Every structure is written in C-alpha cells, then in structure tokens.
Amino acid sequence: MSRRILITGGAGFIGSHLSERLIAMGNEVLCVDNYFTGRRENIAGLFGNPRFETLRHDITFPLYVEVDAIFNLACPASPIHYQFDPVQTTKTSVMGAINMLGLAKRLKVPIVQASTSEVYGDPQQHPQQESYWGNVNPIGPRACYDEGKRCAETLFFDYRRQHGMDAKVVRIFNTYGPRMLENDGRVVSNFIVQALKGEPITVFGDGSQTRSFCYVDDLVEGLIKMLDTPPEVSGPINLGNPGEFTIRQLAEKIIAMTGSKAKVEYRNLPEDDPKMRKPDITKAQNVLGWGPTIALDKGLEPTIAYFRKRLAQ
Ligand code: NAD
Ligand code: UDP
Ligand code: UDP
C-alpha cells in the first residue's frame, strides 16, 4: 500500500536513507527539515521524483500538512551539534514532539519517534534493556539532548494514554554510514576522515570505552518494521547492533582498513561520556522480527569509500 509519509529531519544522515528506502518501496515522502545539520545534497538523488517533496520548516513551530504516517527524526545527533545551541536542541525535542504529536492526533495516523540510547545516560546496566531507566545527569552538557529525548518519550506515552494514539518509540544506538557529516565529531566519521587525511586519530580518554555500531541500512529496516506494527505496539524498542568494540579497537580497525599511516593521539575524555554501550535487542527480534545483518567490517567499507570520494572532491 502506497502512503504519504512525513519524515522530519529527512535531509539528515538517517532521514535521507529512510527517504530513499520508502520511495523505493513505492511510497510518497514529504521531507521536512530546517537544514541545521541536514544537507540538500543528501536528498539530491530524489529531486525530480514526483513522489518526493521537501519543505524547509523548523518543527518547533506548528505544521499543518496531510500525511498517512510520520517519522520524527528532526534533532541534531552529534555532541558538537547538539551542544552548539543547547536550548534549541531541547526545543526541537520537546516542542517538536508536541507539534508532531498534535499533527498525528489531528490526522489519526501512526507516528514513530527516533529516541536514543542516550536516554540510558552513562548506564549501570550492561547491555541495556528497554526496562532500564537510565543514569542521566540532568544538568550536564549532554542533558539538552538526553533529557530532551527523555521528555519526548514521556510525551509519546502520554499522548498514547491520554488520546489513544498510535505513537511509537524506538531507541537508536550509534549508527554510521555514508552521509555522516565529516565535521560533526562523531567517532566513525572523525576516525575515517583523520585516517584518510593522515592526521592524528583522536582517541578520547584511554579508548577503553565501548560502543556498538549499527550500519544505516539495517537501522532503516528496523524503523520501517516499527511503523508497520499494530497500534498496540508502543515500544520503546532498542534498535542497534550488539557487536561491541572499544574505541581503541575501532581506531585500529579503521587505520588497517584505510591503509593509513596516521598515529593514534590520546585526548581528554569529554564530560559525562558513557563508559559502555551495547543494546539488548531481544525485544526487536521478538516484536519486529528484526536484527542487524551487516557486521562492522562490512559496513565500514562503503562508509570509507564515501568519505574517500568526498575528500577527493
Ligand atoms: P542528523 O543531524 O544527520 O539529522 C537530523 C536532521 O534534523 C538534520 O537534517 C537537521 O537539519 C534536522 N533538524 C534539526 N533540528 C530541526 C528542527 N528544529 N526542525 C526541522 N529539522 C531539524 O542526525 P541523524 O544521525 O540522521 O539522526 C536522526 C535522528 O536519529 C535524530 O533524532 C537522532 O537523535 C536520532 N539518533 C541518531 C543516532 C545516530 O547514531 N545517528 C543515534 C541515536 C538517535
Ligand atoms: N499542531 C500542529 N499541526 C496539527 C495539529 C496540531 O502543528 O495539524 C500543533 C499545535 O500547534 C499544538 C500542538 O500541535 O500546539 C499540540 O496539539 P494538541 O492538539 O495536542 O494540543 P492543543 O492544540 O490542544 O494545544
Ligand atoms: N570519540 C573519540 N574520538 C573522537 C570522537 C569520539 O574517542 O574523535 C569517542 C567519544 O568520547 C565516545 C565515543 O567515541 O566515547 C563515541 O562518540 P560519538 O560522539 O560518536 O557518540 P556518542 O558519545 O554519542 O556515543
């Protein structure tokens, strides 16, 4: 069934891949973005497609459009960008959620919220299950993002309970792939760009902290499966790849795969940097029949190729 699907943050990294996939499946996509961290070139391949439409708009303001389903992805995702204007980050998560929930309520359509593993903060449970309430510093530099996303989850569950809506939440763990911004400070893009330029690979702390990296195509598949669940399914559901690596291992892997002569340099660990992160995806497997299929080595290949091409431009 072809639907018209609104994607907020549709010109961003994940949003552009989701737009392409939904269009390829025969849907119409309305991409709403204020281009804070998104780029028109991410969606340039869809320009001219009569089933693809864009609207420059900031979701902290009301939006009146007619659609059949909504993915709410708008929000800067990298620490550098979400800390650049922290008040706007909280507004985007909270006021943006209210506006998009108000829209979904008027239209009586399903809405999926892109929440994050950051709601677990610096977790004291490992791996993280959805039932874990998290360990978040409410006044630290990451709070605008973490608490904003936590409040958005609250709103999704209150709109569900109060208005009987089909509002759903997925918690996305570190995702990587082509179209990450080369300057947004996230570890995969940073290390690849540094390795390709032969610049020092900047490992923060001693590099023993862990992350679990999901390739964007896998993630997009999980998002679409979530939208297609019956209204009883609310989540939250973790979406991520449970393969866990230390940041030092990631640096070594990227140096080896790029054939770079770059050396590792150790820098101060940022405040409130989570020490470990790995999703328990039992719920995604049972409820969505979803699990990642692309191992880190496999996913790094096209990602490195993407940055190699961009740096050559
Ligand atoms: P991104 O920065 O590439 O995309 C976010 C998009 O939202 C950008 O296009 C940006 O311009 C847009 N945007 C920001 N504020 C807006 C506003 N007020 N109004 C309209 N558009 C706005 O990041 P991404 O990695 O693609 O992340 C997409 C979503 O997934 C975010 O909500 C993020 O929190 C979530 N997420 C991502 C990851 C990850 O590892 N990439 C992990 C957890 C959660
Ligand atoms: N809203 C929107 N588009 C719509 C419907 C609502 O942007 O199609 C916004 C509206 O500005 C409102 C918010 O969503 O502030 C929440 O809507 P809701 O109906 O829950 O609340 P209310 O209108 O009663 O404040
Ligand atoms: N990191 C690093 N060097 C960098 C960028 C990040 O060592 O150049 C570390 C960072 O301290 C964190 C991990 O890599 O421990 C993941 O960072 P990222 O900003 O990608 O995501 P998040 O902290 O939100 O998981």
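One-based numbering, in listed order, for ligands and for the atoms of each. For the single chain, residues carry numbers from 1 onward in sequence order. Atoms considered below: every heavy atom in the structure, side chains included; atoms not considered: hydrogens, waters and symmetry mates. All values derive from a computational prediction rather than experimental measurement.
- Heavy-atom proximity to atom 5 (C) of ligand 1, evaluated over Cys75, Gly177, Gly12, is greatest for Cys75.
- Under the 4.0 Å distance rule, the nearest protein heavy atom to atom 14 (O) of ligand 2 falls inside the cut-off.
- In terms of N/O distances under 3.5 Å, ligand 1 is not approached by Ile172.
- If you number the atoms of ligand 1 from 1 as listed, the ones under 4.0 Å from a heavy atom of Gln88 come out as 18 (N).
- Between Phe36 and ligand 1, an N or O atom pair is found at a separation short of 3.5 Å.
- Looking at ligand 1, you won't find any N or O of Thr116 less than 3.5 Å from one of its N or O atoms.
- Proximity of atom 11 (O) of ligand 2 to the protein is indicated by at least one non-hydrogen atom lying closer than 4.0 angstrom.
- Contacts with ligand 1 closer than 4.0 Å are made by backbone heavy atoms (N, CA, C, O) of Ser115 only, the side chain lying farther away.
- Geometrically, ligand 2 and Pro62 share no nitrogen or oxygen pair separated by less than 3.5 Å.
- When heavy-atom distances to ligand 1 are checked against a 4.0 Å cut-off, Lys149 comes that close only through its side chain, counted from C-beta outward.
- Of the candidates Tyr159, Phe61, Tyr64, the one placing a heavy atom closest to atom 21 (O) of ligand 2 is Tyr159.
- Inclusion of Val32 in the set of residues having an N or O under 3.5 Å from an N or O of ligand 1 is not warranted.
- There is no protein heavy atom less than 4.0 angstrom from atom 24 (O) of ligand 2.
- Counting heavy atoms under 4.0 Å from ligand 3, residue Asn174 touches it through the side chain alone.
- Here the heavy atom of the protein found nearest to atom 17 (O) of ligand 3 is Val187 CB, 4.0 Å.
- Ranking the protein heavy atoms by distance from atom 22 (P) of ligand 3 puts Arg142 NH2, 3.5 Å first.
- In this structure, the protein non-hydrogen atom closest to atom 8 (O) of ligand 3 is Asn190 ND2, 2.8 Å.
- Annotation for ligand 3: atoms under 4.0 Å from non-hydrogen atoms of Glu118 are 24 (O).
- At a heavy-atom cutoff of 4.0 Å, ligand 3 is contacted by the side chain of Arg211 but not by its backbone.
- Given atom 7 (O) of ligand 3, the protein heavy atom at minimum distance is Phe204 N, 2.8 Å.
- Remark: minimum distance from atom 3 (N) of ligand 3 to any protein heavy atom is reached at Thr202 O, 2.6 Å.
- Considering backbone and side-chain N/O of Thr175, one or more are found under 3.5 Å from N/O of ligand 1.
- Ligand 3 is never approached by Ser78 to a heavy-atom distance shorter than 4.0 Å.
- With Glu182 as reference, Arg310 is the one residue of Arg308, Lys309, Arg310 to meet the salt bridge (Lys or Arg N to Asp or Glu O under 4.0 Å) rule.
- Where the criterion is an N or O separation shorter than 3.5 Å, residue side chain and backbone included, Ala74 fails it with respect to ligand 1.
- At the shortest separation from atom 9 (C) of ligand 3 among protein heavy atoms lies Gln209 NE2, 3.9 Å.
- Cluster annotation: Ile14 is not connected to Leu30 through the hydrophobic network of ILVMFWY side chains, with a link wherever side-chain heavy atoms come within less than 4.5 Å.
- Taking only nitrogen or oxygen atoms, main chain and side chain alike, Thr60 does not reach within less than 3.5 Å of ligand 1.
- When Tyr82, Tyr145, Tyr176 are ranked by how near their heavy atoms come to atom 34 (O) of ligand 1, first place goes to Tyr145.
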